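Working notes, structure below.
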Amino acid sequence: MTAYQQDIFDIVRLIPKGRVTTYGRIADYLALGSARMVGWALNQSHVFDATIPAHRVVNRKGELTGRLHFESPNRMQELLEKEGLIIKNHCVQNFENHIWSPEEIDPDC
DNA sequence: CCTATGACGCCGG
DNA sequence: GCCGGCGCCATAG
């Protein structure tokens, strides 16, 4: 596993239950230069650690664009709904209220 | 090497 | 606000 993949996985693991973040925000925070790299890394994530909450990463509009890469097409939605989110039309409802940023990480906590 | 392909996102029309 | 175009960059072939 490469260094940046490790970094991406570490960030994703920090996403609180019931919250979501975007490919772009993770890419910006790690200064990767490309949001695509986040999606690519997550695609491989289960190979290294199946417990990574990859379902909590959506695109900038709140769409579950990664859903087709899970065990079943509705698995991503099920996991998010189980965490209290409402998904409609493959989109996170009330997206702005549930979004989380790596910037929120507080070293003192 | 060179091209195509993404779990993306910005910018201009 | 919706598209289309383009930049992005690792990987596969």
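So that the names make sense, note that chain A is the first sequence line, chain B the second, and so on, each numbered from 1. Remember, predicted model here, so these are calculated numbers, not experimental data.
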Separation of [N] [atom2] from [X] [atom1] (nearest whole Å):
X: A:Ile8; N: B:dG6; atom1: CD1; atom2: P; value: 19 Å
X: A:Gln44; N: C:dA12; atom1: CD; atom2: P; value: 8 Å
X: A:Lys61; N: B:dG9; atom1: NZ; atom2: C1'; value: 10 Å
X: A:Arg60; N: C:dG1; atom1: CZ; atom2: P; value: 12 Å
X: A:Phe70; N: B:dA7; atom1: CZ; atom2: P; value: 12 Å
X: A:Arg25; N: B:dC10; atom1: CZ; atom2: P; value: 10 Å
X: A:Leu68; N: B:dT5; atom1: CG; atom2: P; value: 18 Å
X: A:Ile26; N: B:dA7; atom1: CD1; atom2: P; value: 16 Å

Can you figure out which of [options] approaches the side chain of [X] most closely?
X: A:Thr22; options: C:dA10, B:dG9, C:dC9; value: B:dG9
X: A:Tyr23; options: C:dT11, C:dA10, B:dG9; value: B:dG9
X: A:Tyr4; options: C:dT11, B:dG9, C:dC9; value: C:dT11

It should be established whether A:Arg67 places a side-chain nitrogen or oxygen under 4.0 Å from OP1 or OP2 of nucleotide B:dA7.
no
Assess whether atom CG of A:Asn89 is packed by more than 12 heavy atoms of other residues, nucleotides or ligands within 6.0 Å.
no
Count the heavy atoms of every other residue, nucleotide or ligand shown that sit under 6.0 Å from CG of A:Leu68, and state whether that count exceeds 12.
yes
Can you work out whether A:Asp28 or A:Val57 has the more 5'-proximal nearest nucleotide on DNA chain B?
A:Val57
If I take atom CG from residue A:Leu80 and atom NE2 from residue A:His98, how far apart are they, to the nearest 0.5 angstrom?
10.5 Å
Judged by each residue's nearest nucleotide on DNA chain C, which is more toward the 5′ side, A:Thr2 or A:Gly33?
A:Gly33
Mind checking if A:Asn59 touches a base, just sugar-phosphate, or nothing, with heavy atoms under 4.0 Å?
sugar-phosphate
Which part of the nucleic acid, if any, lies within contact of A:Ala54, taking any heavy atom under 4.0 Å across all strands shown: a base, the sugar-phosphate backbone alone, or nothing?
base
Measuring only the P atom in each nucleotide, how far is C:dG5 from B:dA4? A whole number of Å is fine.
16 Å
So A:Phe70 and A:His55, would you call those rings parallel, tilted or perpendicular, with 30° and 60° as cut-offs?
perpendicular
Looking only at heavy atoms, the pair that brings A:Phe95 and A:Arg60 closest together is CE2-O, 3.4 Å
